[in-house]
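See below for the structure under consideration.
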Amino acid sequence: MSDQRPEKANRPLRSVLATDCGSTTTKAILIEKVGDTYRQTWRGEAPTTVEAPFEDVTRGVLNAAQEVAELSGRKLLTDDGAGILTPEIDPHTGVDAYISTSSAGGGLQLVVGGVVRSMTAESAMRAALGAGAIVMDTFSSNDKRRPHEQIERIRQLRPDMILLAGGVDGGTRKHVVALAERIRAARPRTRLGGGFDLPIIFAGNKSVRENIHDLLDDISDLSVVDNIRPTMETENLGPARDKIHDLFMEHVMAQAPGYSKLMGWTDAPIMPTPGAVGLIMQTIARQRGINVLGVDIGGATTDVFSVFEGIFNRTVSANLGMSYSVSNVLAEAGLPQILRWVPFDIDEKMLRNRIGNKMIRPTTIPQTLEELKIEQAIAREALRLAFIQHKEFAVGLRGVQKQRTIADAFRQGGDDTLVQMLDLDLMVGSGGVLSHAPRRVQSMRMMIDAFAPEGVTELAVDSIFMMPHLGVLSTVNELAATQVFERDCLIYLGTCIAPAGVTRPGKPVLRVQLRLPDGTGVDETLDSMTLWHLPLDHDSSVDAVLTPLQGTLDVGEGPGKPREVSLRGGVVGLVFDTRGRPIVLPDDHSARVTLLRKWVSALGEYPDAGVN
Amino acid sequence: MNTARARNCARCLGAALLLLGPVATAAPPTDLRSEAPIYGGGLEMILSWTPPPDDLIGYMLLRGPTASGPWKAIEPIASDAIRHKARVVSDPRREAVPETVFFRLVALRADSPIPALVPGEASDAAAAESEARYVDSLLATGDVSAPVESRTRAYLVNLTPSRVMLALIIIAAGVLIGVFTRAARRGAELYIRRIPGIDAIEEGIGRATEMGRPVLYVPGIGELQEMQTIAAMLILGQVSKKVAEYQADMIVSCCIPIVREVADEVVKAGFYQAGYPDAYKPANTRFISSDQFAFTAGTNGIVLREKPATNLYLGMFFAESLILAETGFLNKSIQIAGTAEATQLPFFVTACDYTLIGEELYAVSAYLSRDPRLVSSLKSSDYIKVFCVVMLIIGTVAASLGNPLISTLFRIAE
Amino acid sequence: MAAVFTPGLKVTEHTIVLKDRRLPLEGEVLVRAGDLVKAEDIVARTELPGKVYPINVANQLSVDPGRLRDFMKVDVGTPVAVGQQLAETAGFLGFFKSESVAPVAGKIESVSTVTGQVIIQAEPIPVQIDAYINGRVVEVIPGEGCLVQANATMVQGIFGLGGEVKAPLVMGVDSPAEVLTADRLAPDMAGKIVVGGCYVPLAALWRAVELGVAGVVTGGFDYDEIKELLGYEVGVAITGGEQLGLTLIVTEGFGEIAMAPATHALLRKSAGRRASINGATQIRAGVIRPEVVVTFDDEAVPAEKYIPPEPQGLKPGDLVRGIRTPYFGRIGRVVDLPAQPAVLETESKARIMEIEFADSTRALLPRSNVESIEQ
């Protein structure tokens with residue numbers, strides 16, 4: 001989006017107010033230029049006011065802004081209290097820009113369609129997810145549903161819009177038209193009802209545009225954009241993604257209570273919250289030239305974002321969450337998978353009931369340490385499952401002619417996912433269970449256990465979920481967004497160092513030679529199944545030589561090869577993990593509990609050192 | 001009398017003996033043994049013996065129903081032999097095969113009694129009598145071995161190590177198939193390693209669907225009874241089901257008329273199974289020509305005119321492999337080839353996106369359908385293969401060190 | 001700032017209940033504002049579009065889809081009967097004709113010259129909704145439905161399965177701490193709503209289904225038995241459409257938890273009267289709770305729409321229920337609401353409250369782990 005507004009990209013800014021209207025709370029942050037750098041200085045929040053009895057989102061925004069105003073002593077509201085005061089008049093009055101994101105009312109919900117599930121339908125899904133939408137369902141010619149089943153389903157769903165793709169340019173006509181015919185037969189209606197036609201975006205084979213107009217013009221608000229997959233070998237998500245954002249503003253937002261007023265206030269288009277998060281991650285990955293993985297674990301859903309080799313992917317695991325969907329985590333992972341992270345015995349029936357009760361009372365928090373450990377065990381599984389889904393989705397294009405060599409002919413294949421953990425540089429976690437864990441080391445452990453980072457990976461959490469604000473800010477002023485991201489948004493936990501590959505038990509795995517900031521040297525040899533913790537703050541770094549002691553293990557330089565690297569710390573420090581990949585816990589109960597307790601005490605995770 | 005005997009013997013003895021004159025006598029062959037081979041159905045016995053130390057002109061084999069005779073001279077054996085395959089009855093179509101039979105071996109020397117070759121007519125009785133007299137004269141020389149008993153049914157229970165091994169392998173294969181089938185039916189996930197080429201088949205069909213172009217399937221130029229052609233037909237069944245699900249088009253180009261007929265049925269069945277009988281088009285299964293290169297030219301014509309998005313070459317291929325694959329490559333199709341013809345693999349590997357090498361061709365059907373029966377037999381044959389490879393390595397090492405144990409275990413034919 | 005505690009469940013002896021009765025899609029409202037209605041009265045009706053059947057006629061006829069219109073015997077929009085000819089080819093000299101017939105009765109929705117599909121839309125399915133409770137229509141939403149209002153006893157549960165049922169209440173157990181076992185169910189409970197105590201085992205539920213019991217209200221139920229009951233897991237608490245044979249309402253939560261004495265007493269008081277219950281639950285934005293509504297039919301219903309007062313924050317003396325281990329299901333009264341957050345055993349900081357339970361013991365609970373019982 002930044003491409004579209006070059007004139008704004010480097011507009012001098014002294015202060016910005018950013019809000020994110022979530023489904024329950026509206027969060028406001030104030031970003032000010034302090035000296036030469038932009039800092040996030042104040043924040044405030046208020047309940048979102050989309051639903052009855054208020055039915056006006058701006059009231060929540062004004063309440064949140066007022067809280068910031070009171071805290072900062074800067075006047076942010078207009079005199080009548082019915083608007084944001086822009087631009088800045090003096091350092092105590094007004095702000096230069098006001099921006100906002102929104103996920104209120106369940107966010108942006110889309111139904112997508114394409115010809116082949118793993119090809120154009122997947123491209124359409126990628127476009128929708130990348131725009132920050134929730135994909136309610138994906139239709140394709142080969143989704144194993146009969147046409148009438150598809151029609152029934154489209155009828156039941158009440159999406160905010162439909163994105164229809166299919167066919168390369170000059171490719172299939174009949175499949176695309178058949179999908180459009182089904183949409184027509186279903187006569188889908190919008191989620192919010194009212195007299196509006198459902199927005200449908202057609203981003204498929206350009207040679208069927210006429211047929212699509214004939215079929216869908218009179219039942220929907222049809223917009224046609226460039227093909228999302230002009231050839232099998234190329235993907236062009238931009239036009240569809242921008243169209244989704246435009247329609248999000250024009251239709252979805254315009255119908256939600258108070259949004260038309262809010263849209264008048266903002267200096268950049270309101271974006272769906274996850275779309276904004278994706279934007280800031282892409283910006284960071286591009287600027288620093290790194291691969292980034294982000295996760296946001298919520299009560300109902302878990303979002304995973306990744307930028308590998310400049311390619312952005314986002315997935316939403318709609319049924320993995322810590323409260324509303326917690327029972328689904330239990331159903332999908334299975335109780336034994338959750339229990340393997342729990343360092344004590346517990347009655348299974350009781351645990352199932354407890355998880356059920358968390359589902360029906362989603363706002364409760366763990367009061368006892370035992371409850372906290374169970375909750376964090378569930379979080380590990382939810383994150384792990386969401387990440388598996390992400391890896392399956394984040395793949396290269398399918399159906400492409402390959403230039404393969406003789407060597408490839410004998411290759412057994414393997415995973416073709418873009419998400420290669422050894423190449424990952426930074427992992428960012430957010431969402432209650434990660435951001436608000438009582439000890440930061442617990443967040444670090446959860447992320448290491450769930451995502452199994454390989455090689456050298458920096459870990460961080462977004463403590464107050466500021467990423468959406470910064471995503472929109474990056475469309476206005478990229479410098480401000482990245483500066484705040486670096487300084488205020490992330491809490492660096494530290495670095496995880498883990499050799500990739502299966503470790504042989506009972507044998508030394510990794511030799512670690514470090515030169516600490518105070519000049520002392522450390523030379524440690526770590527056995528398998530060990531977690532070793534070395535406190536180190538984020539402002540210091542150590543030079544390290546990592547030598548795998550087993551030939552198949554890889555710390556990033558290839559199997560068995562030593563690696564010289566500079567390691568940065570964080571609030572936790574360095575964590576060396578020699579459990580091998582994948583992490584396999586012993587089946588034997590007592591052996592597993594012993595190991596878990598050893599790790600807990602090595603990292604100082606819980607006040608009771610894991611003994612329970 | 002002499003004349004009759006001579007004629008009878010002439011019927012059963014080799015001509016070489018007839019040229020010999022009378023010679024002196026010495027020791028008999030010793031340690032005559034009989035063994036029933038696993039082949040031959042019990043009609044033949046392998047005899048082995050230790051020859052006497054002095055020079056011989058040959059042996060005469062005697063056969064009798066009991067250890068004490070009566071004996072019958074059945075065939076001469078060359079002087080340098082130490083093993084011989086002996087028939088237990090002269091004509092199994094006319095005579096019943098006895099349960100036991102006895103053999104003796106007579107060493108023939110220059111002075112052994114030899115029937116002279118004198119043609120003439122005589123009654124059967126007279127012939128029998130002269131033969132008996134001949135046998136008697138042989139026995140009288142004292143150059144005769146002790147009788148050896150041969151059990152004609154022994155091959156049924158001949159527990160040589162190699163037979164036991166074979167039996168064990170067969171039983172193991174059966175048990176493995178049973179176990180895997182049960183496991184698969186109960187929903188256990190039988191791991192089959194990923195074969196990128198097979199995964200690419202579905203991708204290829206998808207590509208064809210998106211591009212609105214057909215899939216081209218060439219089942220090779222082998223006759224229907226060839227293993228590879230049968231495998232190609234099995235795969236075609238799966239592929240056509242997928243093609244039907246995707247609502248795409250598929251052209252099958254055949255070189256053998258009967259293969260075309262079978263392919264047509266297979267495609268039809270695939271479309272019906274997928275639930276799209278109406279999408280099946282018989283005209284898309286085509287017989288081009290029985291001539292190898294006319295067929296190749298015709299198929300290339302299809303590639304150039306109808307521009308298929310995906311070409312599948314699965315089956316038996318010869319010189320046409322590179323011609324087809326190169327044309328497809330220029331047409332920018334995704335190409336997946338599979339053949340067990342080792343000589344053609346390099347061409348496919350260079351010109352195609354994916355190549356199924358040898359055995360992989362036979363695994364496709366199980367891989368695609370995940371039918372418990374197919375998967376379990378694939379799985380069990382893999383285990384047997386692993387076992388055989390391990391034995392091969394151990395056997396090679398052992399044989400190099402001079403230990404014949406493993407090679408004995410796997411010796412099947414004598 | 002909004003109250004930190006979780007809004008509670010209503011357990012009220014006498015209140016005004018307002019029920020929103022709406023059609024799933026636009027239709028006709030049959031009542032007028034001010035009308036008195038019985039629970040069974042139909043208040044609105046509409047027709048759901050019928051199922052859609054696509055048939056590939058071009059393939060059946062073996063003709064090019066582009067020429068399909070030349071062979072069609074029926075036009076778009078016309079009704080067809082089962083077996084009626086849809087299209088026919090000319091054939092050769094009147095022979096070798098091929099035809100396509102309608103597999104279902106309905107209306108021709110569309111004929112496609114690209115795919116060759118003819119889409120038949122089957123007969124519409126009539127849908128009607130009743131008033132659910134005896135009461136007065138206080139507002140009509142044109143084309144959508146109406147609001148029905150009544151004086152009633154109202155008990156909200158936390159989780160339910162199954163849809164709307166209207167039947168008399170009958171007590172299955174004597175005290176809120178008793179288990180509703182299978183042997184407590186008698187054949188004369190058929191068609192009634194049975195009120196249980198702390199727990200209902202799966203066997204008793206099966207027995208209830210067998211007897212034809214209309215509904216069961218219980219304090220607790222085992223979470224893993226839902227899977228056995230329904231055949232699938234309920235991973236997200238959005239229910240109401242289950243086809244169980246009865247409606248189940250859980251008032252406290254999963255496990256064996258005594259029903260709140262007030263709830264039990266209220267249900268006991270209502271025993272013998274007819275209740276309207278609904279198991280539909282949605283624990284997300286736009287919360288829906290399962291409920292038991294017993295209307296007072298002899299009282300006059302106010303004609304104007306009742307606007308419920310805004311929920312008040314908790315204050316000392318209010319009745320609350322603990323909703324998380326280790327105080328799950330315990331009921332007590334608020335003693336103190338300290339303004340400062342406190343550090344929990346987990347080392348988290350949270351705002352807390354002090355509660356005195358029925359046995360006079362006191363405990364500190366995070367405010368988010370407490371639910372008010374609204375009386």
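Proteins get letters first, then strands, A, B, ... in listed order; numbering begins at 1 in each.
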- Test side chain to side chain contact (heavy atoms under 4.5 Å, CB included) on C/Ile119 and A/Glu181 and set out the steps. CA-CA 9 Å; C/Ile119 293 176; A/Glu181 279 170 3; 4.3 Å; yes
- Task: Please identify each residue that fulfils side chain to side chain donor-acceptor pair (under 3.5 Å) with A/Thr25, with sequence neighbours left out.
- Result: none
- Message: Ignoring hydrogens and geometry beyond distance, is a side-chain donor-acceptor pair present between A/Thr368 and C/Glu345 at under 3.5 Å?
- Response: no
- Would you please go through residues 209-219 of chain A and name the residues with a non-hydrogen atom below 4.5 Å from one of chain C, in numerical order? A/Asn211
- Message: I'd like to know if C/Arg324 and A/Glu375 make a salt bridge, using a cut-off of under 4.0 Å between side-chain N and carboxylate O.
- Response: yes
- Query: Between A/Arg354, A/Lys349, A/His175, which has the largest tally of heavy atom pairs under 4.5 Å with chain C?
  - Reply: A/Lys349
- Item | By side chain to side chain donor-acceptor pair (under 3.5 Å) - contacts of C/Asp64 (at least two apart) | none
- Below 4.5 Å from any heavy atom of chain A, which atoms of C/Thr325 appear? Answer side chain, backbone, both or neither. both
- Message: Side chains of A/Ser327 and C/Glu233: any donor to acceptor distance under 3.5 Å?
- Response: no
- Any residue meeting side chain to side chain contact (heavy atoms under 4.5 Å, CB included) with A/Glu70, in chain and number order, not counting sequence neighbours: A/Gln66
- Message: Taking the basic N atoms (NZ, or NE/NH1/NH2) and the acidic carboxylate oxygens, is any pair closer than 4.0 Å for C/Glu109 and A/Arg187?
- Response: yes
- Message: Could you go through C/Ser368 and A/Thr364, starting from their C-alpha distance and side-chain angles, then the distance that decides it, and tell me whether this counts as side chain to side chain contact (heavy atoms under 4.5 Å, CB included)?
- Response: CA-CA 5 Å; C/Ser368 55; A/Thr364 59; 5.5 Å; no
